[in-house]
Every structure is written in structure tokens, then in C-alpha cells.
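Input: a single structure, listed below in C-alpha cells.
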Amino acid sequence: MRYVSTRGGSVDRRFSEVLMEGLAPDGGLYVPTCYPTVDEVTLQRWRCLPYAELAFEILSLYIDDIPSDELRAIIASTYTPETFGSAQIVPLRKLDESIALLNLSNGPTFAFKDMAMQLLGNLFEAELGRRGAQLNILGATSGDTGSAAEYAMRGKQNVQVFMLSPRDRMSLFQQAQMFSLMDKNIHNLVVEGSFDTCQDIVKAVSADLAFKRQYNIGTVNSINWARLLAQVVYYFSGYFQATNDNSERISFCVPSGNFGNICAGHVARMMGLPIAKLVLATNENDVLDEFFKTGRYRARASSETMVTSSPSMDISKASNFERFAFDLLGRDAQRVEQLFGMELSQRGQFRLTDQETASIARYGFVSGKSTHVDRLRTIADAWQRHRNMIDPHTADGVKVAREHLLPDTRAIVLETALPLKFEDIIREATGQEPPRPAAVAGLEQRPRRCEVVAPSAEAVMAYIARHCNA
Ligand SMILES: *Cc1c(COP(=O)(O)O)cnc(C)c1O
């Protein structure tokens with residue numbers, strides 16, 4: 001399988017190159033030249049496979065430059081019951097007659113980002129070993145991404161992680177989760193400032209090409225194709241767990257932010273998985289709901305981006321969205337370049353033609369929005385009627401899924417986090433304390449390791465130069 005850029009720059013890459021590069025040189029995102037389709041016989045065979053073997057079957061359709069045995073071993077050591085808490089890895093549980101929840105949040109940090117990040121860590125380690133190279137990962141986080149990245153990279157050969165976070169802006173639990181890591185290759189840099197300050201520093205450091213090259217600075221962005229590919233697997237697994245054979249069509253509803261998760265659903269559907277609708281749920285930050293309803297895509301200014309009670313969906317623009325747009329626009333890279341490379345970067349928005357907008361339906365997408373009041377009500381309802389405790393992101397998904405239920409079609413809502421990290425809203429909605437897995441008992445009392453740095457690119461670069469592998 002070869003990979004090309006959504007903006008048509010003349011690149012022709014293999015998986016391992018795409019893995020290490022992230023963004024394409026022309027500013028586009030890497031996509032496979034085609035989506036391999038699976039026939040009925042293959043689906044039937046896959047239905048019986050354990051998760052890691054299913055993942056191997058799917059990933060090997062997209063990866064041909066890692067020897068099969070090695071790829072199989074990497075995947076087998078990633079998706080284990082020890083790391084993900086159950087033999088199914090992503091167990092399905094019933095909410096009511098029409099909705100089931102696919103639990104993607106039993107990994108080391110209790111958020112679905114572990115599903116992809118754990119694999120990414122192992123793929124990085126293997127590739128760096130092959131190349132005899134070092135990687136210094138630089139990132140900014142206000143919560144889940146940072147901890148998922150750190151738990152995936154801790155103790156890895158040839159990798160150092162430098163994670164910036166805004167001082168005192170993360171929840172106590174999130175701080176404790178990251179700062180209690182004692183691994184020498186994990187560096188928590190606490191910045192006096194906001195999340196935007198942290199992100200600006202990362203951008204400034206990455207823009208210094210000489211520094212970037214000298215210190216092999218890389219990222220673990222959600223735009224990395226390997227992360228998206230890892231997520232395709234659980235759509236298949238969820239479908240197989242929910243059905244007895246491959247005749248039933250199921251809808252998936254996805255609490256969305258950067259469009260990575262639901263884009264993996266799009267890939268699964270393109271491969272032939274019988275998905276009825278892909279239902280996209282946003283919170284108050286509704287860039288994507290607006291797009292799927294009107295064909296207009298308008299990135300929000302940071303002053304317009306709201307802080308909500310489903311914080312991992314608080315986005316101003318959706319960084320993975322360009323991949324779907326590429327398919328929607330008939331893989332016309334010139335049109336993508338015009339919309340994303342020019343109109344979006346110059347005017348902050350674009351509008352599709354009526355004909356282009358009409359073609360959205362062919363891809364099965366519909367959307368909806370959920371607000372704080374909806375979230376509270378949905379959490380309370382799931383608790384009172386079904387004794388099922390759901391987190392605020394999943395609640396956004398359940399609310400929007402209900403609005404799009406089709407007769408005779410069941411829906412799977414992706415459970416993207418556990419209630420554990422959102423005690424306040426859970427308490428308000430249910431009067432209960434969210435249960436705490438044994439693994440995090442006393443987390444807040446553990447010793448902490450972090451470093452306060454001045455809010456400047458120079459200070460961060462100096463820190464990296466002192467502590468990195470070069
Ligand atoms: C990251 C995240 C999302 C959004 O996923 P995208 O792939 O960015 O659309 C939703 N819920 C939770 C809990 C997350 O951590």
C-alpha cells in the first residue's frame with residue numbers, strides 16, 4: 001500500500017515513512033491510495049477472531065513494509081487483557097433496546113486515545129530501532145492526549161517525551177495521572193499560561209527547522225495515519241459483537257472533536273463494513289454539525305471556542321476533517337488544496353457547492369449537537385432508567401444517537417471516556433460518586449515529578465537541549 005497527500009503534492013510513501021512524518025510536506029494529510037474492500041467470506045472469517053488477530057488482519061492490508069511476523073508480534077503485545085482490562089479489549093454493553101455502548105476506555109489512562117496511542121508507541125519503538133534513530137516528542141496538552149501519549153511512550157527505547165501543560169488548568173486527577181510517572185524518558189513541563197500558550201510554544205519550536213532537525217523533534221498528533229488506522233479495528237469488533245451475522249446494518253454514533261475517531265468509521269464503511277449511518281455528535285463547539293447540515297465549514301476563533309463540560313470535544317477546527325473531504329470531493333486534490341490550502345487559511349472558512357453538499361449523504365454522515373443541559377439530562381436518564389453511568393462525552397453521543405435512530409436499525413455509541421474523571425457533573429446528574437478502578441486508588445497522593453518552565457520557546461528549547469537524546 002502506498003500513501004499520497006490530500007493536497008496532491010507528488011509524494012509516494014510507504015507506511016513507515018508516513019508513521020514518522022505525520023503531516024505531508026505540502027501541508028496535506030496522508031491517505032492510502034485506496035481502501036481495500038472486504039468480501040462476505042472475509043467478514044465471516046474475521047467475526048471469530050480475537051481482537052489482536054482482527055487488528056493484524058486489518059492493519060496488514062495497509063502496512064506492507066514491516067515483516068508480517070514482526071507486525072503480528074507488535075499488535076499482540078499491544079492489545080492484551082492486562083493493558084485493556086478484558087479479553088474483548090473493547091467490550092460492548094447494552095444501554096437499551098436500540099443503543100449499545102462500545103467501551104473504548106479501559107486502557108491505562110481510561111480514555112479512548114489509549115486504543116491508538118498504545119499501538120503508536122510500539123510502532124515508534126520498532127521503527128526507531130530499525131533506523132537506529134532517536135525521537136524527541138514535543139506536545140501540548142490540557143488533559144487526555146498528554147497522558148495517553150506518556151503512558152504509551154513510558155520506558156520506550158529511543159524516545160523522550162516533552163509534554164507542556166498549562167499550570168493549574170488541568171483537573172487534579174489529570175495532573176496526578178501525568179505527574180506521577182517516574183520514567184526517565186517522560187518530561188512534564190508546566191507552563192505559566194494557558195493551553196494556547198503551550199500550543200504556541202510547540203508551534204514556534206516546530207517552526208525552527210534547524211532545531212527540529214538537530215534534535216529530531218516529532219509529534220503524536222491525531223493526524224498521524226497510524227493512529228487513525230488503529231481505530232478502524234474497533235468498528236469491526238463492535239459490529240461483530242452486536243450482530244449474529246453480516247446481514248444487519250448498524251449505525252455508529254461518535255462524540256467528535258478533531259474528527260479522528262469518526263474518520264476511522266468512515267474508513268471501515270469504505271472497506272465494506274455494513275454501517276448504516278455515521279452519526280457525528282458535537283458539543284457546543286459545533287463546527288462539524290454546522291458543516292454536515294449546511295456544507296459550510298467555518299473554523300472558530302479561539303475567543304469563540306467554548307470551555308464545556310465535555311472538554312475533549314472543545315475544538316475550533318477539526319484537524320482530521322480534510323481526509324474525509326478528500327473522499328467527498330472525489331479525491332480531487334486540487335479542489336482540496338483550493339478549499340483547505342487557500343480559502344480556509346486566508347478566510348477561515350469555505351462553502352461546498354450544492355452538488356458537493358448533496359453527496360455527503362452517500363457517505364452515510366448525519367450530525368447533531370448536545371449542550372450542557374442535554375448532557376446532564378442524558379447522564380441522569382441513563383443512570384435512573386438503566387443504572388448505567390456514562391461520562392459527559394459519551395452522553396453527547398447518546399443524546400445525538402437518539403435523534404437519528406432509524407426504524408429497525410440499532411446504534412452503537414462509542415464510549416470515549418469513563419465517568420471517573422468528571423466527578424462534578426456525574427455527582428450533579430446522578431447524586432453518585434463515579435467508581436474508581438483499583439489501578440488509580442490514591443493516585444492524587446503519589447509523589448509527583450514535573451518541571452516549571454518559563455512560557456517561552458527559548459526556555460523549552462533549552463530544556464530539550466539539556467535532556468534529550470540526540
Ligand atoms: C479526543 C476525544 C474525543 C474526540 O475525538 P476525535 O477523534 O478528536 O474526534 C472525544 N471524547 C474524548 C473523551 C476524547 O478524549
Side-chain angles (χ1 to χ4, degrees), residues 29 90 101-118 120 139-152 170-171 173-174 177-178 195 220-235 252-268 278-289 291-292 305 308-324 365 367-370 375 378-379 390-401 413-422 425-426 434:
L29 304 185
V90 290
L101 304 170
L102 188 63
N103 192 339
L104 308 179
S105 317
N106 285 333
T109 73
F110 305 106
F112 91 96
K113 291 190 173 63
D114 291 328
M115 292 302 307
M117 210 70 94
Q118 288 285 319
L120 196 71
T141 187
S142 55
D144 288 343
T145 311
S147 27
E150 292 188 352
Y151 281 75
M170 289 192 301
S171 74
F173 182 89
Q174 285 172 326
Q177 208 171 29
M178 286 176 53
F195 175 60
V220 286
N221 290 341
S222 74
I223 54 111
N224 193 304
W225 167 254
R227 272 181 69 176
L228 201 137
L229 182 57
Q231 295 175 256
V232 173
V233 179
Y234 53 69
Y235 284 86
F252 280 88
C253 181
V254 188
S256 291
N258 274 316
F259 204 81
N261 205 358
I262 199 163
C263 196
H266 163 68
V267 173
L278 285 164
V279 184
L280 180 141
T282 70
N283 65 15
E284 288 87 339
N285 296 293
D286 57 356
V287 195
L288 289 167
D289 184 40
F291 171 80
F292 282 101
T305 308
T308 74
S309 48
S310 48
S312 297
M313 294 156 69
D314 293 347
I315 50 123
S316 55
K317 58 185 192 322
S319 52
N320 258 296
F321 177 60
E322 188 171 329
R323 284 201 167 98
F324 170 68
F365 275 85
S367 71
K369 169 180 174 174
S370 164
R375 217 165 283 139
T378 309
I379 295 170
I390 57 176
D391 98 290
H393 305 83
T394 308
D396 288 336
V398 169
K399 187 263 179 181
V400 174
V413 175
L414 302 192
E415 179 171 60
T416 55
L418 291 192
L420 156 82
K421 294 184 197 170
F422 308 97
I425 189 170
I426 298 294

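In what follows, every heavy atom counts, from backbone to side chain, and hydrogens, waters and symmetry copies are set aside. Whatever order the structure lists them in is the order used to number ligands and atoms, beginning at 1.
- Remark: Glu415 engages Arg93 in a salt bridge (charged side-chain N to carboxylate O under 4.0 Å, His left out) (not counting sequence neighbours).
- When heavy-atom distances to ligand 1 are checked against 4.0 Å, the residues falling inside are Phe112, Lys113, Asp144, Pro255, Ser256, Gly257, Asn258, Phe259, Gly260, Asn261, Ser312, Met313, His393, Thr416, Ala417, ordered by chain and number.
- In this structure, the salt bridge (charged side-chain N to carboxylate O under 4.0 Å, His left out) partners of Asp144, at least two apart in sequence or on a different chain, are Lys421.
- For the residue pair Ser310 and Asn283, a side-chain donor N or O sits within less than 3.5 Å of a side-chain acceptor on the partner.
- Looking at Asn258 and Asn320, their side chains never bring a donor and an acceptor atom within 3.5 Å of each other.
- For Arg375, the salt bridge (charged side-chain N to carboxylate O under 4.0 Å, His left out) partners two or more places apart in sequence, or in a different chain, are Glu284, Asp396.
- In this structure, CD on Glu322 lies 11.0 Å from NZ on Lys317, to the nearest 0.5 angstrom.
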